[in-house]
Number of protein chains: 2
Amino acid sequence: MNIYDVSKHAGVSIATVSRVLNGNPNVSEKTRNKVMNVMAELGYTPNVFARGLGLNTMQTIGIMCSDSSDPYLANAIYYLERALRSFEYDAILCCTGYDLDAKQKYFNLLRSKRVDAIILAGSKFVEMRPKDNSYLIEAAKDLPLMLVNGYLEGENIYSTLCDDHAAMHHAATGLLKSGRRRILYLYTSYSFSGVNKMEGYKDAYRDFGLPLNESLICQCAKDISVARDTLLGLHGQGLEFDAVITSDDSLAVGAVKYAHEAGISIPDQLSVIGYNNSLLSRCTDPEITSIDSKVEALCTTTINTLMGVFSGMNVPSRTTIASDLIKRQTTNF
Amino acid sequence: MNIYDVSKHAGVSIATVSRVLNGNPNVSEKTRNKVMNVMAELGYTPNVFARGLGLNTMQTIGIMCSDSSDPYLANAIYYLERALRSFEYDAILCCTGYDLDAKQKYFNLLRSKRVDAIILAGSKFVEMRPKDNSYLIEAAKDLPLMLVNGYLEGENIYSTLCDDHAAMHHAATGLLKSGRRRILYLYTSYSFSGVNKMEGYKDAYRDFGLPLNESLICQCAKDISVARDTLLGLHGQGLEFDAVITSDDSLAVGAVKYAHEAGISIPDQLSVIGYNNSLLSRCTDPEITSIDSKVEALCTTTINTLMGVFSGMNVPSRTTIASDLIKRQTTNF
DNA sequence: TTGTATGCGTTATCAG
DNA sequence: CTGATAACGCATACAA
C-alpha cells in the first residue's frame with residue numbers, strides 16, 4: 001500500500017497524490033476530494049521512512065535526561081513531550097545517567113538517529129571543565145541544542161533557565177528578614193544550577209550585611225535519609241542552625257524528618273525551604289515551603305524557542321524565567 | 001557523505017560497504033579493514049532513514065502512558081527505556097492523558113510512525129467495555145502490543161502484570177491478623193488493576209471469615225489533600241475504621257495527614273498501607289508501609305518478552321510477577 | 001492544474 | 001568473495 005496504489009485507484013499521478021498529502025494548494029478541489037476519498041477507502045498511511053529519506057527529517061526531537069524517574073525531570077519530560085506533540089513532533093527519550101562518557105555516547109547515538117534537535121533536560125549536562133563541553137558546541141553546528149535549566153554559550157545553542165540565583169537569594173533573604181541568622185545550606189551538586197543557587201544563598205547574606213559562615217554550607221547525597229542523617233550528625237556535633245534551605249525538595253523532606261527525630265519544632269525553632277515545589281513538598285507534615293522553579297514554563301518556552309529556530313526566526317540564545325516562592329508551613333514569614 | 005563516497009574511497013562497490021556495515025561474514029578480512037578504515041577516516045554514519053526504508057524498521061518502540069509525571073509511571077518509563085536501549089532500540093514517548101478518544105488518536109499516530117511495537121504502560125489502557133478495546137486487538141495484527149500492569153486477551157498481545165489481587169489480599173490479611181477489623185479501602189479508579197486490588201481486599205475479609213462492610217470502601221481522586229479531606233469527612237460523619245489501605249501511595253500520604261490532623265496515632269490507633277512503594281511512602285513521618293508492585297521487574301520482563309516475540313520465540317502471553325510488602329512504620333505486624 | 005522523471009541512501013538479489 | 005542493479009516509497013524540479 002503506497003502512493004502508487006492510491007494514484008492508480010484515483011486515476012491520477014503520484015505527484016498529485018503527493019501534493020494532496022502535503023496540502024499543496026495547486027490541486028483542484030475535485031481532484032483533491034477524489035484522492036482523499038481513495039486514501040480513506042484504502043486506509044492509506046504514508047510511509048514515514050520514505051518521507052524521512054526524502055526530506056531528511058522525521059520530525060523527531062531527542063530528549064536527554066540523566067534520570068527520568070527524578071520528580072523534577074519526570075515533570076520536565078512530561079511538559080516537553082506535550083509541547084512537542086502540539087507541534088507534531090515526536091520525542092525520543094534517552095536517559096543517560098551521570099557519567100560523562102555515557103552522556104557523550106548517548107548524545108552521539110541520538111545524533112546518528114538524525115533527530116532534528118536535541119534537548120538536554122536538567123542542569124547535569126554542562127560540565128565544569130570547558131573542554132568537556134566541546135562535543136556539545138561542536139555538534140551544535142549540525143543541529144540545534146536546547147538546554148532546559150542549564151546554560152552553555154555557543155552558536156546554535158539555546159538555554160532556557162530559571163533564575164536560580166534570584167530564587168535562592170529571595171528565599172534566604174526572607175529567612176533573614178524573619179530573624180533567622182544561622183541558615184544551613186544543604187546542596188547536592190556543583191552543577192550549573194547548583195552553583196547559581198549557592199551564590200544566591202551567599203549573596204543574600206552579603207546583601208543583608210551579615211557575615212557568611214562557611215560551616216553552614218553542607219553537601220549531601222540526593223536522598224531523604226542521607227539528608228536527615230547528615231543533619232542529625234551536624235546537630236550532634238553541636239552545630240547550631242535555625243533554618244535549612246536546600247537545593248532539592250528531597251533534602252528538605254530529610255530536614256523535616258531530622259526535626260521530628262531531634263524534637264525540634266517547625267517553624268518555631270527551625271525553618272525549612274525546599275526547591276522545585278515537587279509533590280514531595282506536600283507529603284510531609286508540616287508541608288514544605290518550596291521554590292517553584294517553573295518547570296512547565298521552562299519547557300514550553302524551550303519548545304517555543306525551538307520552533308522559532310526551525311522557522312528561521314531570530315530567537316534569544318538565553319531566556320530566563322523567574323521563580324516563585326510557594327509558602328507553606330515550614331516557614332513563618 | 002554516503003555509502004557511495006565510502007565505496008569510492010575504498011575502491012570497492014557499495015554492496016561490499018553495506019556488507020561490512022552489517023557484519024556480513026562474506027567479506028575478506030583485508031577488504032573489511034580497508035572499508036572500516038575509510039569509514040572511520042571519513043567519519044561516515046549510515047543514514048537511518050534510508051536504512052529504515054530498506055528494512056521497514058527503525059528499531060523504535062512506542063511507549064504510551066497516561067501521565068509520565070506520575071511517580072509510578074515515571075519509574076516505569078525509566079526502566080523501559082533503559083531495557084530497550086540495552087537491546088539497541090529507541091523509545092518514542094507519548095503521554096495520552098485519560099480520555100479514550102485521545103488514547104486512540106495517539107495510538108494511531110504512533111502506529112503511523114511505524115514503530116516496531118507499542119508498549120502500554122500502566123493499567124489505564126484497558127477499558128471496561130470490550131468494544132472500547134477492539135482498536136487495540138485489531139492493531140495487534142500488525143505489531144506486538146505489550147501491556148505493563150494491564151491485561152488484555154488477544155493475538156499478539158502480551159501482558160506483564162503484578163499480582164495485585166494477591167498483594168492486596170496479603171496486606172489486608174496482615175491487618176486482620178494483627179487485630180484490625182474495620183479496614184477502610186481507599187481507591188482511585190476501576191481500572192483493570194484497580195478492580196483486582198479491590199477484589200483482593202474483599203477476598204481477604206471473606207477468607208478470614210469476616211463479613212465485608214461496603215461502607216468501608218471509598219473512592220476518591222488521586223490527590224493527597226483530597227484523600228485527607230475525604231477521610232476527615234468520613235471521620236466527621238462518625239464512620240469508624242482502624243486501618244486504611246489504599247490503591248496508591250498518594251492516598252496513603254493523605255491518610256497519614258488525616259491522622260495527624262485528627263489527632264489519631266499511627267500505628268496504634270490507625271494502620272496505613274500504601275501501594276507502589278514510591279518515593280512518597282518515605283516522605284511522611286511515620287514512613288508508610290507500602291506494597292511494592294515491582295515496576296523494575298515488570299518492565300525488564302516486558303522488554304525481554306518483546307525481544308522474544310521479535311526473535312520468533314514462543315513467549316507467554318501473560319506473565320505475573322509477585323509483589324512485596326515493604327513494612328515501615330504505619331503498621332505494627 | 002497535472003504528469004514524468006529523478007534523487008534520497010540503504011538493503012538485497014543475482015550473477016560472476 | 002565481489003559487483004551491478006533493482007527495489008523501498010516519497011518529494012520535487014521540470015515539462016506539458
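Below, chains carry the letters A, B, ... as their sequence lines are ordered, and counting in each starts from 1.
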side-chain contact (heavy atoms from CB on, under 4.5 Å) between A/R318 and A/T320, intermediate numbers included: CA-CA 7 Å; A/R318 174 176 180 151; A/T320 305; 4.0 Å; yes

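- Counting any heavy atom pair closer than 4.0 Å across all strands shown, A/F49 reaches no nucleic acid atom.
- If you find the closest nucleotide of DNA chain D to B/V12 and to A/T45, the one lying nearer the 5' end belongs to B/V12.
- As rounded to whole Å, 12 Å separates atom P of C/dT11 from atom CG of A/L53.
- Among the protein residues, B/L55 comes within range of the sugar-phosphate backbone only, with heavy atoms under 4.0 Å from sugar or phosphate atoms but none that close to a base.
- A donor-acceptor pair under 3.5 Å is formed between the side chain of B/N133 and the backbone N or O of B/E127.
- For B/N56 and C/dA12, the CG to C1' distance is 14 Å, given to the nearest whole Å.
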Audit row: B/E138, B/K141, salt bridge (charged side-chain N to carboxylate O under 4.0 Å, His left out) steps and yes/no: CA-CA 6 Å; B/E138 194 59 29; B/K141 289 174 181 166; 3.1 Å; yes

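- For C/dT10, the OP1/OP2 oxygens have a side-chain nitrogen or oxygen of B/Y44 closer than 4.0 Å.
- In this structure, B/I3 atom CD1 and C/dG7 atom C1' are separated by 16 Å, rounded to whole Å.
- Judged by a 6.0 Å distance limit and a 45° cone about the ring axis, A/K103 is positioned over the six-membered ring of A/F125.
- Distance NZ (A/K8) to C1' (D/dG9): 13 Å, rounded to an integer number of Å.
- Regarding B/M58, its CE atom lies at a distance of 16 Å from the P atom of D/dG9, rounded to whole Å.
- Remark: A/S13, A/I14, A/A15, A/T16, A/R19, A/N26, A/V27, A/S28, A/T31 in residues 13-32 of chain A come within less than 4.0 Å of DNA chain C through at least one heavy atom.
- Heavy-atom neighbours of A/M1 CE from other residues, nucleotides or ligands within 6.0 Å: above the threshold of 12.
- Using a 4.0 Å heavy-atom cutoff across all strands shown, B/V48 reaches no nucleic acid atom at all.
- Distance OH (B/Y4) to P (D/dA4): 11 Å, rounded to an integer number of Å.
- Between A/N2 and the phosphate of D/dG9, there is a side-chain N or O to OP1/OP2 separation shorter than 4.0 Å.
- Going from atom CG of B/N47 over to atom C1' of D/dC8 covers 13 Å, rounded to whole Å.
- Within the 4.0 Å cut-off from OP1 or OP2 of D/dA11, at least one side-chain nitrogen or oxygen of A/R51 is found.
- Using modelled atom types, one side-chain atom of B/N47 and one backbone atom of B/F49 make a donor-acceptor pair closer than 3.5 Å.
- When the C1' atom of C/dC8 is taken as reference, atom CE of B/M1 falls 16 Å away, rounded to whole Å.
- Between A/S28 and A/T31, the side chains place a donor N or O and an acceptor N or O closer than 3.5 Å (distance only, hydrogens not considered).
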